[in-house]
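Encoded as structure tokens, the structure appears first; notes follow it.
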2 protein chains.
Amino acid sequence: MTARPEMQDLEARAEEVSGLLKLLSHKNRLLIACELRDGEASVSALEAAISGAQSNLSRDLARMREEGLVVARRQSKSVYYRLADDRLARVVDALCAAFGPEAKQKKRSRK
Amino acid sequence: MTARPEMQDLEARAEEVSGLLKLLSHKNRLLIACELRDGEASVSALEAAISGAQSNLSRDLARMREEGLVVARRQSKSVYYRLADDRLARVVDALCAAFGPEAKQKKRSRK
DNA sequence: CTTGATATATATCATATATCGTATTTGACA
DNA sequence: TGTCAAATACGATATATGATATATATCAAG
């Protein structure tokens with residue numbers, strides 16, 4: 001019943017995709033994704049950029065790690081995180097494009 | 001500390017954007033958005049396309065309506081919904097592009 | 001090798017928020 | 001009134017959140 005093929009596929013993957021969105025549906029985790037979009041960052045750096053307790057940040061990173069959104073790399077005392085997969089990067093880019101400064105509210109013109 | 005200007009803006013709007021994502025972070029609501037991406041649809045049509053009880057669908061639509069994601073139009077007995085704003089459409093498109101059939105898992109090449 | 005310091009992770013718990021099933025209600029119309 | 005479409009109300013259960021405490025890992029002194 002859905003016209004475009006990508007749509008069907010998205011529906012088939014709705015569970016998976018909604019799971020990803022659930023992880024991004026929290027202010028701090030979204031900010032984590034945004035920060036990492038610019039490249040690798042240590043937990044300390046993220047902690048500086050993002051509000052909230054360190055333990056919560058660590059837990060958010062753990063959840064994102066468990067779901068395969070980010071990967072961690074330890075270097076001496078610090079742990080560096082980066083985005084694990086291009087798809088997340090593309091989603092973040094799309095959000096930036098949609099909600100960025102020049103994204104005018106542009107109400108949908110009824111066809 | 002963030003490089004690109006859209007990024008800063010997304011950070012500023014993290015609360016708002018994460019709220020939008022929260023609405024899409026549920027399988028059925030994501031499917032609603034996907035269906036409506038193809039154009040207006042009645043509640044009955046959505047009910048046929050999406051699993052779950054009618055009351056749940058109606059409640060999901062209500063939430064999306066309250067948050068301004070969709071708008072409703074009544075025509076005799078039926079109520080037709082459509083996406084309220086292009087930004088949501090663009091996000092859905094991006095999800096399709098990222099998770100569609102030709103979206104290969106393409107692991108992020110570490111720079 | 002123990003001690004201390006720094007960075008990160010995990011555990012726990014109270015509270016908030018989300019979800020789902022079921023029942024009831026409202027709106028439009030014949 | 002009866003019926004179909006959609007919305008709302010309610011309550012039980014689940015999941016998320018934030019605060020706080022504790023644990024682990026790595027390194028540097030001493």
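Every chain is numbered from 1, with letters handed out A, B, ... down the list of sequences.
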**Asked** For dA18(C), does either OP1 or OP2 sit under 4.0 Å from a side-chain N or O belonging to Arg29(B)?
**Response** no

**Item:** Touch class at under 4.0 angstrom, heavy-atom based, for Tyr80(A) against every strand present
**Value:** nothing

**Prompt:** Any side-chain heavy-atom pair from Leu36(A) and Val92(A) closer than 4.5 angstrom?
**Reply:** no

**Item:** For atom NZ of Lys22(A) and atom P of dA18(C), their distance in whole Å
**Value:** 11 Å

**Item:** Distance (rounded to the nearest 0.5 Å) between Tyr81(A) OH and Glu35(A) CD
**Value:** 15.5 Å

**Request:** Only one of Leu21(B), Leu95(B), Val91(B) passes side-chain contact (heavy atoms from CB on, under 4.5 Å) with Val91(A); say which it is.
**Result:** Leu95(B)

**Asked** Taking CG from Leu30(B) and C1' from dT19(C), how many angstroms apart are they, rounded to a whole number?
**Response** 17 Å

**Prompt:** Between Met64(B) (CE) and dT8(D) (P), how many Å, whole number?
**Reply:** 15 Å

**Prompt:** Under 3.5 Å, is there a donor-acceptor pair between the side chain of Arg29(A) and the main chain of Leu23(A)?
**Reply:** yes

**Message:** If you assign each of Asn28(A) and Val43(B) to its closest nucleotide in DNA chain D, which residue comes earlier from the 5' end?
**Reply:** Val43(B)

**Pairing residues for Arg74(B) by the side chain to side chain donor-acceptor pair (under 3.5 Å) criterion, not counting sequence neighbours** = none

**Asked** Backbone N or O of Ser55(A) within a donor-acceptor pair of the Ser58(A) side chain at under 3.5 Å?
**Response** no

**Prompt:** Among dA6(D), dT8(D), dT19(C), which nucleotide sits nearest the side chain of Arg63(B)?
**Reply:** dT19(C)

Kindly give the atom pairs (protein nitrogen or oxygen, nucleotide nitrogen or oxygen) under 3.5 Å for nucleotides 19-27 of chain D.
residue: dT20(D); atom: O4; partner: Ser55(A); partner atom: OG; Å: 2.5

